[in-house]
Student: 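Let me begin by handing over the structure; questions about it come next.
Ligands are counted one by one from 1 in listed order, and the atoms in each one are counted from 1 as well. For reference, positions follow the sequence shown, starting with 1.
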Amino acid sequence: MESVQILGCRVDGVDLAAALARAAQFVREGGPHRIVTLGTEMIVHARGDARYRAVVNGADLCVPDTIGVVFAARLQGMPLHGRVAGVDLLERLCSQAAGEGWSVYLLGAAPGVAEAAGAALAARHPGLRIAGARDGYFGEHEAQQVAAAIHASGARILLAALGFPKQEYFLARWLAASGAAVGVGVGGSFDVIAGRLPRAPEGFRRLGLEWLYRLLREPSRWRRQLALPLFVWLVVLDRLTLGKGRRST
Ligand code: UDP
């Protein structure tokens, strides 16, 4: 599989179909396999945090979650067709899981949200087995118990919606103990699936403006979203100074 480095983070050249095929292969092979849905803010964060960068780059699959990552990858010469949004990957994976009999554990978001998201997914994908669900507000000292509960549930797929960097750290440390074959970090997806947060309308999504929609809905995110112009600046700078199209296969 072809990949590029964007500001030190690996991005794999996959579209939604290829990412899904890869995830399905991981489930069949057995675990633990980690999937990172790589967003712009995560790359900016990883730039200043070597430990986080190593966790991201150690994943089995890093998909381009945001339009900024897609454009940056294209600048490096990788012809990505579009983003692989965590919420879309999750939805498609659940659809396939329902057909194959793979059970899914939902970990993350505020109390009650993971359960509601699980119920919504089970309603949309008849036959989907929800092995368990719990909120994402637990301390580090409880992480082992959380992993043990997932193990006891027998889940094959672990969806971790703890936000970054917590979800990547949790999966890197505890996925093996959880017994799941695949762990995917899916950010704020449960809030969207449970209907707590609306997803950007089609028009915004088509134009690559989902970030703008989110900013309009949640103005308090402006500080976090400063990562966006910073990301663009760093990518352009990187391209002008060193960017020699660091592609690898
Ligand atoms: N979250 C969590 N545990 C925490 C911090 C955050 O479960 O300790 C959840 C939060 O409730 C939200 C998700 O993680 O559902 C991340 O949301 P955010 O909007 O930050 O994610 P993004 O999609 O931007 O990565």
Student: Is the count of non-hydrogen atoms from other residues, nucleotides or ligands lying under 6.0 Å from R74 atom CZ greater than 12?
Tutor: yes
Student: Where is the tightest heavy-atom contact between Y213 and P201, given as atom of each residue plus distance?
Tutor: CE1-CD, 3.3 Å
Student: Applying ring-ring contact (aromatic ring centres under 6.0 Å, His included), run through F164 and Y169 and close with a yes or a no.
Tutor: CA-CA 8 Å; F164 87 89; Y169 281 131; over 10 Å; no
Student: Quick check on W102: does its CH2 atom have over 12 non-hydrogen neighbours (other residues, nucleotides or ligands) under 6.0 Å away?
Tutor: yes
Student: Determine the minimum heavy-atom distance between D15 and V84, stating which atoms define it.
Tutor: C-CG2, 3.6 Å
Student: Examine G108 against ligand 1 and note whether any of their N/O atoms are separated by less than 3.5 Å.
Tutor: no
Student: Which bit of R224 gets closer than 4.0 Å to ligand 1, counting heavy atoms only: side chain, backbone, both or neither?
Tutor: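 Under 4.0 Å from ligand 1, R224 contributes side-chain atoms alone.
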Student: Which residue supplies the protein heavy atom nearest to atom 23 (O) of ligand 1, what is that atom called, and how far is it?
Tutor: G188 N, 2.9 Å
Student: Using a cut-off of 6.0 Å, state whether more than 12 heavy atoms not belonging to R47 lie near its atom CZ.
Tutor: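 No, the 6.0 Å shell around CZ holds no more than 12 heavy atoms from other groups.
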Student: With a cut-off of 4.0 Å, which atoms of ligand 1 are near a heavy atom of G163?
Tutor: 13 (C), 14 (O), 16 (C)
Student: Does R134 pair with E115 as a salt bridge, N-O distance under 4.0 Å?
Tutor: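 No, no charged N to carboxylate O under 4.0 Å.
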Student: For ligand 1, find out whether one of its N or O atoms is nearer than 3.5 Å to an N or O atom of G187.
Tutor: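 Such a contact does not occur with ligand 1.
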Student: Classify the contact between K166 and ligand 1 as side chain, backbone, both or neither, using a heavy-atom distance cut-off of under 4.0 Å.
Tutor: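 The side chain, only.
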Student: Look at atom 5 (C) of ligand 1 and say which protein heavy atom is nearest, naming residue and atom and giving the distance to 0.1 Å.
Tutor: L162 O, 3.5 Å
Student: For atom 3 (N) of ligand 1, what's the nearest protein heavy atom and its distance?
Tutor: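 For this ligand atom, the closest protein heavy atom is G136 O, 2.8 Å.
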Student: What atoms in ligand 1 come closer than 4.0 Å to a heavy atom of A110?
Tutor: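 Counting atoms of ligand 1 from 1, those under 4.0 Å from A110 are 11 (O).
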Student: Between F170 and F138, is the ring centroid distance below 6.0 Å?
Tutor: yes
Student: Same cluster or not: are L61 and V104 linked, directly or through other Ile, Leu, Val, Met, Phe, Trp or Tyr residues, by side-chain heavy atoms under 4.5 angstrom apart?
Tutor: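 Same cluster.
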Student: Is E41 in contact with ligand 1, taking contact as a heavy-atom separation below 4.0 Å?
Tutor: no
Student: Could you tell me whether ligand 1 has any atom less than 4.0 Å away from a heavy atom of M42?
Tutor: no
Student: Mark yes when over 12 heavy atoms from residues, nucleotides or ligands other than E202 sit less than 6.0 Å from its CD; otherwise mark no.
Tutor: yes
Student: Which is closest to atom 15 (O) of ligand 1 by heavy-atom distance: D191, V113, V192?
Tutor: D191
Student: With heavy-atom distances below 4.0 Å as the criterion, list the atoms of ligand 1 near A161.
Tutor: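 So the atoms of ligand 1 that pass are 7 (O), 9 (C), 13 (C), 14 (O).
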Student: Is there at least one pair of N or O atoms, one from F164 and one from ligand 1, spaced under 3.5 Å apart?
Tutor: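 F164 vs ligand 1: no N/O contact under 3.5 Å.
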Student: I need the nearest protein heavy-atom contact for atom 7 (O) of ligand 1: residue, atom name and distance, please.
Tutor: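 For atom 7 (O) of ligand 1, the nearest protein heavy atom is A109 N, 2.8 Å.
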Student: Does the residue Y137 have a heavy-atom contact with ligand 1, meaning some pair of atoms that are separated by less than 4.0 Å?
Tutor: yes
